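See structure below.
Just so we're clear, the structure is a prediction, and the values are computed from it rather than from any experiment.
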Amino acid sequence: MRILDLRLRLRALGASPDHEARVLRQWVNAQPQDAGKRRLSDFLPLALRNALPQVTADLAGLATLQSEHPGEDGSARLLVALNDGQTVESVLLPRDGLCVSTQVGCAVGCVFCMTGRDGLLRQVGSAEIVAQVALARSKRFVKKVVFMGMGEPAHNLDNVMEAIDLLGTAGGIGHKNLVFSTVGDHRVFERLPQGPVRPALALSLHSTKDALRRELLPRAPRIAPDELVELGERYARATGYPIQYQWTLLDGINDGDDEIDGIVRLLKGKYALMNMIPYNTNEGLGFARPAPEKAAAIARTLQSRGVLTKLRQSAGQDVEGGCGQLRARSVDGGAV
Ligand code: SF4
């Protein structure tokens, strides 16, 4: 379901733009119906007031919690059912963040990621993306939303942009706290600068070598690393927030000196932050993470050579909630 459909439904029930904004605000902020001195329904025209319980129930049905898997670091993987029975996963992150899913499955098929193993099953509607935020907010405070869960946001651009617009307005989330994460796609660089809400951008780089990157991200759009960084730099300068480059460290594959030199060549002097994320184990994919000392040395070297670098551990790895570990699971926890 799209937010546009919801807006049309509210308008058909007699909602003015102000009524519409109130209903959407209450939903995306997970405020109870009787919040404040006066209830939301007191402000609404009769037809909408009468229909509100059903509208509210329908919105709650867009994303329902099937199971919750708390990690030791304060994160929690949430298995969420959409209203057709498909499932996605959201991850509550430490420090008031939430990672949401934008597709059931994924067509990019990155070789180190579980999400794309079965390809794309379906798009997640904009209202379903926002519903993941509303669900999370019914559990805890959320002030940052990253679009890094299941799916490639660029392959579901209309829905993701619609969700971003609502989260950055009625949802009260600061625009740089909305993080659009992509393998890179020309449509992203055309659309994002035009929106009323311009999110921060995370670009999955993973290699500075075009041929290796094509192997690791087999169905990503054909954009060479140099061009990707140029496009990113333009967006960073236009928005005033740095590009967050993502790099899954794979032992013996993209952790060599040649890649360090390549990163320095591409990113030194750029408005950018390099996030080095040691690979999260997925059984059967045949990759390993480099030794901790090696990963730390890579980050230190980059930093000393002028590339702002953070070595990050994915939140929620112990509950399979880390980068590359999300998938459409059945309620009993197995992959569907
Ligand atoms: Fe898709 Fe992201 Fe997984 Fe790649 S890493 S297959 S883009 S979900």
Side-chain angles (χ1 to χ4, degrees), residues 106-113 115-116 146-148 151-155 157 179-193 199-239 241-280 285 287 289-290 294-295 297-312 314 323-324:
C106 182
V108 180
C110 301
V111 292
F112 46 79
C113 173
T115 303
V146 301
F147 295 79
M148 296 182 181
E152 163 54 60
H155 288 178
L157 201 48
V179 183
F180 187 110
S181 173
T182 176
V183 295
D185 189 307
H186 284 109
R187 290 169 296 182
V188 168
F189 296 101
E190 282 155 23
R191 281 283 292 279
L192 259 55
L201 188 59
L203 293 175
S204 299
L205 194 56
H206 304 306
S207 178
T208 59
K209 297 184 276 190
D210 195 28
L212 175 59
R213 193 166 181 271
R214 286 181 190 208
E215 275 177 43
L216 297 176
L217 286 59
R219 287 181 292 282
R222 295 282 174 249
I223 305 179
D226 295 54
E227 186 189 354
L228 193 58
V229 170
E230 279 312 315
L231 290 165
E233 183 68 4
R234 221 173 291 156
Y235 186 73
R237 299 287 167 194
T239 55
Y241 1 105
I243 300 297
Q244 302 169 40
Y245 288 94
Q246 310 293 101
W247 190 288
T248 298
L249 272 173
L250 303 165
D251 188 35
I253 293 179
N254 64 355
D255 60 350
D257 290 344
D258 52 345
E259 291 284 22
I260 293 179
D261 290 343
I263 293 169
V264 172
R265 181 180 65 77
L266 284 182
L267 295 189
K268 189 172 177 184
K270 296 290 192 299
Y271 193 24
L273 167 68
M274 169 56 86
N275 288 314
M276 285 281 171
I277 307 152
Y279 169 70
N280 295 316
L285 295 192
F287 296 103
R289 51 168 54 197
K294 183 169 186 191
I298 292 170
R300 259 198 322 272
T301 305
L302 286 172
Q303 187 76 25
S304 70
R305 292 179 64 185
V307 177
L308 184 59
T309 304
K310 291 215 165 128
L311 180 62
R312 296 190 185 274
S314 284
C323 297

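Inter-residue side-chain proximity for V108 and H155 is flagged as met; some heavy-atom pair is nearer than 4.5 Å. At least one side-chain heavy atom of L302 sits less than 4.5 Å from a side-chain heavy atom of I260. Looking only at side-chain heavy atoms (C-beta outward), P221 and V183 come within less than 4.5 Å of each other. Put simply, the side chain of T208 reaches to within 4.5 Å of the side chain of W247, judged on heavy atoms. Proximity of L216 to L250: side-chain heavy atoms (C-beta onward) are separated by under 4.5 Å at one or more points. Counting heavy atoms from C-beta on, the side chains of E215 and V111 never come closer than 4.5 Å. Residues F287 and I253 meet the side-chain proximity criterion, which asks for heavy atoms closer than 4.5 Å.
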With side chain to side chain contact (heavy atoms under 4.5 Å, CB included) as the test, would you mind laying out the steps for K209 and R213 before giving the verdict?
-> CA-CA 6 Å; K209 297 184 276 190; R213 193 166 181 271; over 6 Å; no
Tell me, with the steps shown, if D261 and R305 meet side chain to side chain contact (heavy atoms under 4.5 Å, CB included).
-> CA-CA 9 Å; D261 290 343; R305 292 179 64 185; 2.9 Å; yes
Using the salt bridge (charged side-chain N to carboxylate O under 4.0 Å, His left out) rule, take E230 and R234 through it: C-alpha gap first, then chi angles, then the decisive distance, then the call.
-> CA-CA 6 Å; E230 279 312 315; R234 221 173 291 156; 5.5 Å; no
Passes side chain to side chain contact (heavy atoms under 4.5 Å, CB included), N280 versus R289? Steps please.
-> CA-CA 7 Å; N280 295 316; R289 51 168 54 197; 3.3 Å; yes
Step by step, would you call M274 with L308 a side chain to side chain contact (heavy atoms under 4.5 Å, CB included)?
-> CA-CA 6 Å; M274 169 56 86; L308 184 59; over 6 Å; no
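When every heavy atom of L201 is checked against every heavy atom of V188, the shortest pair comes out as CD1-CG1, 4.2 Å. The nearest pair of heavy atoms linking L267 to A272 is CD2-CB, 4.4 Å. Listed here is the closest heavy atom pair of L203 and G184: CD2-CA, 4.4 Å. Taking both residues in full, the closest heavy atoms of L285 and Y279 are given as CB-OH, 3.6 Å, listed atom of the first, atom of the second, then distance. When every heavy atom of Q244 is checked against every heavy atom of A200, the shortest pair comes out as NE2-CB, 4.3 Å. Across all their heavy atoms, F147 and S181 have their closest contact at O-CB, 3.3 Å.
If you take NE2 on H186 and CD1 on I223, they are separated by 4.0 Å, rounding to the nearest 0.5 Å. Atoms OH and CZ, from Y235 and F180 in turn, are 9.0 Å apart once rounded to the nearest 0.5 Å. Here the CD1-CG distance, from I243 to L273, works out to 10.5 Å after rounding to the nearest 0.5 Å. Taking CG from L217 and SG from C110, the interatomic distance works out to 4.0 Å, rounded to the nearest 0.5 Å. If you take CG on N275 and OH on Y245, they are separated by 12.0 Å, rounding to the nearest 0.5 Å. If you take CD1 on I277 and CG on L311, they are separated by 9.5 Å, rounding to the nearest 0.5 Å.
When only modelled atom types and interatomic distance are considered, E259 and H206 share no side-chain donor-acceptor pair under 3.5 Å. Checked by atom type, the side-chain pair E152/T182 shows a donor-acceptor distance below 3.5 Å.
For D210 and R222, the salt-bridge test fails: no basic side-chain N is under 4.0 Å from an acidic carboxylate O.
The main-chain N or O of T248 is found under 3.5 Å from a side-chain atom of N254 such that the two form a donor-acceptor pair.
The number of heavy-atom neighbours closer than 6.0 Å to NZ of K268, taken from other residues, nucleotides and ligands shown, is 12 or below.
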